[in-house]
Amino acid sequence: MSNISAIRSRPRSQEWFQRARQSLIEGVNSPSRGAAVYSPQPIVLERGRGARVWDVDGNEYIDFMMSFGASIQGHAHPRIVEVVSQSIAEGSHFAAATPAETEAAERFRRMVPTAEAVRFANTGSEAGMLALRLARAYTGRTKFLKFEGHYHGWYDPYCLSAHSHPADQLGPLEKPNQIPDSEGIPSAVFDEVVLAPWNDVPVLEGILRRHGRDLAAVITEPIMANMGCIPPREGYLQKVYDLAHEYGALFILDEVVTGFRYAPGGCQQYYGLKADLSTFGKALGAGFPVGAVAGPRAILDRLRWGDRMVLHYGTFNGHRLTMKVVAANLDLLSAEGTYPRLHATGDAAVAGLRDVFRRRKLKAIVQGFGPMFQIYFAERDAIHDYRDYCRYVNAPLYSRFVHRLLDHGIYMTPSNSLHWIISTAHVGQDVEALLRAADRVCRELA
Ligand SMILES: Cc1ncc(COP(=O)(O)O)c(C=O)c1O
């Protein structure tokens, strides 16, 4: 059925990579795909179908990265292929009102409990930009609170302490050091940002006592997905919501990773939360670029044209072809049994991996559940926050582990701060193949 245990070399990937580097920085269009993570054995992918991808050398892999979670239906899902083929022949985009965007929005509202209205954009980053602008306009305040280790896209004010750093650089819990993720951002931008550690209610209470009245919003990922996969402590998210409201700030839930993944209505439904605004992307588009902000009319109506409007333009907003894909994707995800299946497949992978590490006596944590999880090599029982990650996680060992898995036909990013993704295309046999490969790699590493 496949040659997944026989991947030895990737000469054509190497050639393409060298060629790409002549025109593209590090041979790619995002540093998360670049030499930094795949060096010294670049992989250039050519095609995908279902849960599998093939590189330019013809090597086959089972894909557990799934376009950083965007390809929730796997690759080239027949229904998505059909919709795209039909729709493109009618014109991909008009930048005008279309039935397609209404049909997508209606399905979105049926699935996401807090969505009285939705505004579509093109990426999760754009959705994050818009949510913050709306919150600032609505509250009349400019500062906002973000958590260490959370990533909300590459908009200037969010680019703070979202990469890992040596633990001794992080500063006191009550006043974490602000570590910019990028050059080129005026430092004044970060004067508007209050930084806090995540998953720690008493520390957050203290920080809010000092800054709460200045805040337009508190923004959080529901499951911390950019330091691997770190679930919230019991009741934590509700407490953040309550505290934000106590100080008159909006609660923005960044569901770009978790939306349409954990439940039809994302983590807000899974955990029974009410968000004032929530942002979406990734799985919403089933591999097509899309972002969205959802919330109550009282806030989203600020987008209406007029004197005190909140500006949000975009030639490609509500892109017709993408909206067709979104509607078809949401129909597929709404089918009976989809989410129980996603959870069962992911839970089997998590349990199986734990078993492999236990048998092979490798100290590893497999954290997360259902459709998303991560492996940490660490002398701990759990990773609860960014600081745990910076302090305890052996990311170089993880990178070695994944590079060996790649040689055994399992496709994943070697970056420990990302996460394993289960799509609707994964089946039990894919999990079994993963466990066999993991077992072999553990033996090689021992
Ligand atoms: C939680 C979260 N928010 C926002 C974004 C930004 O989304 P995009 O890459 O589509 O701009 C990401 C991307 O990884 C993310 O993980």
Side-chain angles (χ1 to χ4, degrees), residues 28-34 37 65-72 119-135 144-164 181-182 193 198-199 217-232 237 240 251-262 266-268 270-271 273 275 277-294 312 314 316-317 319 322 325-326 329 368 371-374 385-386 389 412-413 415-421:
V28 286
N29 282 290
S30 168
S32 59
R33 304 171 201 172
V37 283
M65 194 182 97
M66 282 294 162
S67 333
F68 295 129
S71 296
I72 186 118
R119 168 58 67 94
F120 290 113
N122 302 289
T123 62
S125 292
E126 288 180 31
M129 293 177 204
L130 179 58
L132 185 56
R133 185 175 284 183
L134 278 165
F144 74 99
L145 184 144
K146 92 170 274 286
F147 292 101
E148 288 180 312
H150 286 216
Y151 176 67
H152 304 294
W154 60 280
Y155 181 35
D156 283 1
Y158 291 138
C159 292
L160 204 56
S161 301
H163 296 151
S164 71
D181 302 321
S182 173
V193 189
W198 195 64
N199 244 347
V218 174
I219 183 165
T220 184
E221 297 180 52
I223 294 174
M224 194 170 172
N226 287 284
M227 287 293 137
C229 186
I230 308 181
L237 294 171
V240 177
F251 177 81
I252 304 177
L253 197 62
D254 181 341
E255 296 244 44
V256 170
V257 172
T258 55
F260 304 99
R261 192 175 314 286
Y262 277 91
C267 271
Q268 53 196 272
Y270 188 85
Y271 289 117
L273 293 169
L277 286 170
S278 38
T279 58
F280 295 83
K282 298 206 189 240
L284 174 61
F288 279 68
V290 70
V293 178
H312 174 232
F316 292 109
N317 295 348
H319 185 267
T322 303
V325 170
V326 166
N329 179 36
M372 187 173 92
F373 57 88
Q374 181 54 301
D385 58 26
Y386 172 70
Y389 181 95
M412 185 53 198
T413 165
S415 165
N416 215 164
S417 62
L418 288 152
H419 35 258
W420 293 69
I421 290 287

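As the structure lists them, so they are numbered: ligands from 1, and atoms in each ligand from 1.
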Notebook entry, point to check: Are side-chain heavy atoms of Y158 and H150 found at a separation under 4.5 Å?
Noted result: no
CG of L418 to OG of S32, rounded to nearest 0.5 Å, is 7.0 Å
d(F144 CZ, H152 NE2) to nearest 0.5 Å is 7.5 Å
Correct closest heavy-atom pair for Y151 and S125 would be OH-OG, 4.5 Å
Closest non-hydrogen contact found for N122 with F316 is OD1-O, 2.9 Å
Within the 4.0 Å heavy-atom cut-off, what T279 brings close to ligand 1 is neither
Examine distances only and state if a side-chain atom of K282 and a backbone atom of G259 form a donor-acceptor pair shorter than 3.5 Å. no
Counting from 1 in the order shown, the ligand 1 atoms closer than 4.0 Å to a non-hydrogen atom of G153 are 4 (C), 5 (C), 6 (C)
Under 3.5 Å, is there a donor-acceptor pair between the side chain of Y386 and the main chain of A162?
-> no
The side-chain hydrogen bond (donor to acceptor under 3.5 Å, both in side chains) partners of T123 (sequence neighbours excluded) come to none
closest protein heavy atom to atom 5 (C) of ligand 1 is V256 CG1, 3.7 Å
Ranked by distance from atom 3 (N) of ligand 1, the top protein heavy atom is D254 OD2, 2.7 Å
For P222 and L237 the tightest heavy-atom approach is O-CD1, 3.6 Å
N226 heavy atoms within 4.0 Å reach ligand 1 at atoms 1 (C), 15 (C), 16 (O)
Contact check, E255 vs ligand 1, heavy-atom distance below 4.0 Å
no
Scanning both residues in full, the closest heavy-atom pair of N329 with L284 reads ND2-O, 3.0 Å
One finds that the ligand 1 atoms under 4.0 Å from a non-hydrogen atom of V257 are 1 (C), 15 (C), 16 (O)
Item checked: Distance-only N or O hit between ligand 1 and E221, under 3.5 Å -> no
protein heavy-atom neighbour closest to atom 14 (O) of ligand 1 works out as K282 NZ, 2.9 Å
Ligand 1 atoms nearer than 4.0 angstrom to some heavy atom of H152 are 3 (N), 4 (C)
| query | Looking only at N/O atoms, are W154 and ligand 1 under 3.5 Å apart anywhere? | reply | no
- [ ] Mark the output for Y151 as yes if a heavy-atom distance to ligand 1 is under 4.0 Å, and as no if none is.
- [x] yes
In ligand 1, the atoms that come under 4.0 Å of a heavy atom of T123 are 10 (O), 11 (O)
Restricting to heavy atoms, the pick from G281, S30, S125, S32 nearest atom 9 (O) of ligand 1 would be S125
Nearest non-hydrogen protein atom to atom 10 (O) of ligand 1, with distance, is G124 N, 2.9 Å
